[in-house]
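The next block holds one structure in the form of structure tokens; read it before the comments.
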Amino acid sequence: MKSFSYALALTAMLTGANASWKGFNNQATLSNGACKAQSDWENDFNKLKSLPGGYSAMRVYAASDCNTLANAVPAAVATGGKILVGIWTEDSNHYNTEKQALLSAVQKYGFDWVAAVSVGSEDLYRGDTTASALAQQVNDVRGMLSTVNGYNNSVKVGHVDTWTAWTNGQSTDVIKACDFIGTDGYPYYQTVNANSIDNASNLFWQSVQAVNDTVHSAGSNAPVWITETGWPTSGSTENQAVPSVPNAQRYWSEVACSAFGKVDTFWYSLQDYNANPSFGVLDSNGNPIYNLTC
Ligand SMILES: *[C@@H]1O[C@H](CO)[C@@H](O)[C@H](O)[C@H]1NC(C)=O
Ligand SMILES: *[C@@H]1O[C@H](CO)[C@@H](O)[C@H](O)[C@H]1NC(C)=O
Ligand SMILES: *[C@@H]1O[C@H](CO)[C@@H](O)[C@H](O)[C@H]1NC(C)=O
């Protein structure tokens with residue numbers, strides 16, 4: 001009986017693993033600041049596929065800025081890649097332009113390229129809006145998508161925010177509106193606990209657990225996705241957190257390798273140019289800075 005239930009559990013796990021997103025946060029600009037063209041996005045999707053572990057998905061932060069969806073969606077369609085779309089929610093003109101860019105993309109290319117849609121990114125953390133205003137916008141975007149041919153409710157619309165913004169007791173309204181909860185957590189930036197690399201994995205998983213508990217307390221069954229985490233290879237020391245290639249490698253081995261395939265995860269980040277601190281896993285030539293094998 002025991003081996004039978006293990007087999008069932010394994011099947012369930014593998015099914016879950018197939019369904020879980022494995023991706024990276026990705027920026028819309030090249031090292032010279034120019035917006036990526038369709039061919040640049042295709043290169044990114046092909047690069048993702050070729051990395052050890054084979055990734056198919058990326059998160060982008062905007063729909064209209066840099067013509068992101070107009071250029072990235074045909075690249076996704078051409079390569080079989082998937083996109084977690086970001087929609088900026090402030091101000092109302094920008095929000096409407098963002099919605100229009102998403103609408104045009106799904107009208108033209110359908111929904112097969114959509115990993116999900118995040119309405120907003122860290123807006124609650126920044127204090128730019130309220131949970132109830134965000135909830136209305138999540139419902140607004142879902143309503144817009146539902147009018148498009150080919151839509152069904154497998155298209156998840158949610159929101160991304162920091163784990164502290166999710167768990168501070170002010171986020172219930174938006175939790176209830178979301179089909180998924182994207183949590184951003186960086187032990188590197190944490191000041192309340194000893195945040196050395198020795199403790200980083202613990203701190204990170206505690207933060208995910210805290211978000212999950214908050215979501216359940218709000219009466220939601222929405223899955224919690226990891227939408228940003230990572231460790232910098234360079235930059236300033238924060239509290240006890242020291243950026244370095246060996247520490248970033250260790251955080252990858254301890255956190256990325258236990259997250260990918262089990263929890264829907266978008267690592268931060270694929271590539272950084274002149275960023276300080278720098279979280280990118282690829283150098284400026286597109287080569288891994290450390291070993292990404294799990
Ligand atoms: C729902 O839409 C997705 C994305 O286009 C598609 O892959 C899936 O087959 C659809 N499911 C149903 C039941 O039609
Ligand atoms: C790890 O964090 C916990 C709090 O979560 C703290 O009590 C402990 O001292 C830290 N350990 C190290 C090695 O930094
Ligand atoms: C959240 O909790 C549910 C229910 O216990 C569990 O199935 C799921 O794996 C948890 N998600 C994460 C990301 O920990």
Side-chain angles (χ1 to χ4, degrees), residues 5 8-23 56-59 69 72-74 76-85 102-118 141-167 171-172 175-176 178-187 200-230 251 254-268:
S5 56
L8 276 182
L10 187 64
T11 309
M13 214 176 78
L14 290 175
T15 312
N18 285 337
S20 84
W21 298 113
K22 292 172 61 180
S56 61
M58 65 170 71
R59 173 178 178 226
L69 292 190
V73 176
V77 169
T79 58
K82 309 284 180 179
I83 300 176
L84 169 53
V85 178
L102 174 58
L103 182 62
S104 300
V106 293
Q107 282 173 337
K108 190 161 177 192
Y109 297 102
F111 289 90
D112 281 349
W113 59 275
V114 179
V117 178
S118 174
V141 169
R142 188 186 295 107
M144 176 187 80
L145 294 176
S146 71
T147 66
V148 178
N149 263 348
Y151 169 86
N152 65 47
N153 62 10
S154 76
V155 178
K156 289 186 158 54
V157 183
H159 172 67
V160 167
D161 225 302
T162 63
W163 75 273
T164 49
W166 285 121
T167 57
S171 61
T172 307
I175 289 173
K176 288 181 167 166
C178 285
D179 301 322
F180 74 95
I181 307 294
T183 181
D184 295 351
Y186 293 92
S201 173
N202 281 338
L203 282 180
F204 177 71
W205 288 112
Q206 281 169 21
S207 79
V208 174
Q209 186 63 53
V211 174
N212 214 7
D213 291 347
T214 302
V215 171
H216 296 152
S217 304
S220 166
N221 289 321
V224 172
W225 293 7
I226 298 163
T227 38
E228 289 182 31
T229 191
Y251 193 74
E254 292 182 1
V255 177
C257 292
S258 56
F260 281 127
K262 297 191 194 72
V263 183
D264 299 273
T265 300
F266 293 82
W267 199 255
Y268 192 88

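Side-chain atoms are counted along with the backbone in the values below, which use heavy atoms only and exclude waters and symmetry mates. Note that ligands are numbered from 1 as they come in the structure, with each ligand's atoms numbered from 1 the same way.
Here the side chain of Trp166 pairs a donor or acceptor atom with the backbone of Gly182 at under 3.5 angstrom. Panel note: side chain Asp179, backbone Gly158; no donor-acceptor pair is recorded below 3.5 Å. Checked by atom type and distance alone, the side chain of Asp264 pairs as donor or acceptor with a backbone atom of Trp21 at under 3.5 Å. Panel note: side chain Lys82, backbone Ala116; no donor-acceptor pair is recorded below 3.5 Å.
The proximity of Asp112 to ligand 1, defined as any non-hydrogen pair under 4.0 Å, involves the side chain as well as the backbone.
The 4.0 Å heavy-atom shell around ligand 3 contains residues Val208, Asn212, His216, Val224, Val263, ordered by chain and number.
No more than 12 heavy atoms of other residues, nucleotides or ligands shown are found within 6.0 angstrom of CG on Asn149.
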Exercise for review: I would like to know whether Thr162 and Asp184 meet side-chain hydrogen bond (donor to acceptor under 3.5 Å, both in side chains); could you show each step before the answer?
Suggested key: CA-CA 4 Å; Thr162 63; Asp184 295 351; over 6 Å; no

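In this structure, Phe260 and Trp267 have tilted ring planes: the angle between them lies in the 30° to 60° band.
Residue Ser154 has at least one heavy-atom neighbour below 4.0 Å for each of these atoms of ligand 1: 1 (C), 2 (O), 3 (C).
At a 4.0 Å cut-off, not a single heavy atom of Gly110 sits close enough to ligand 1 to count as contact.
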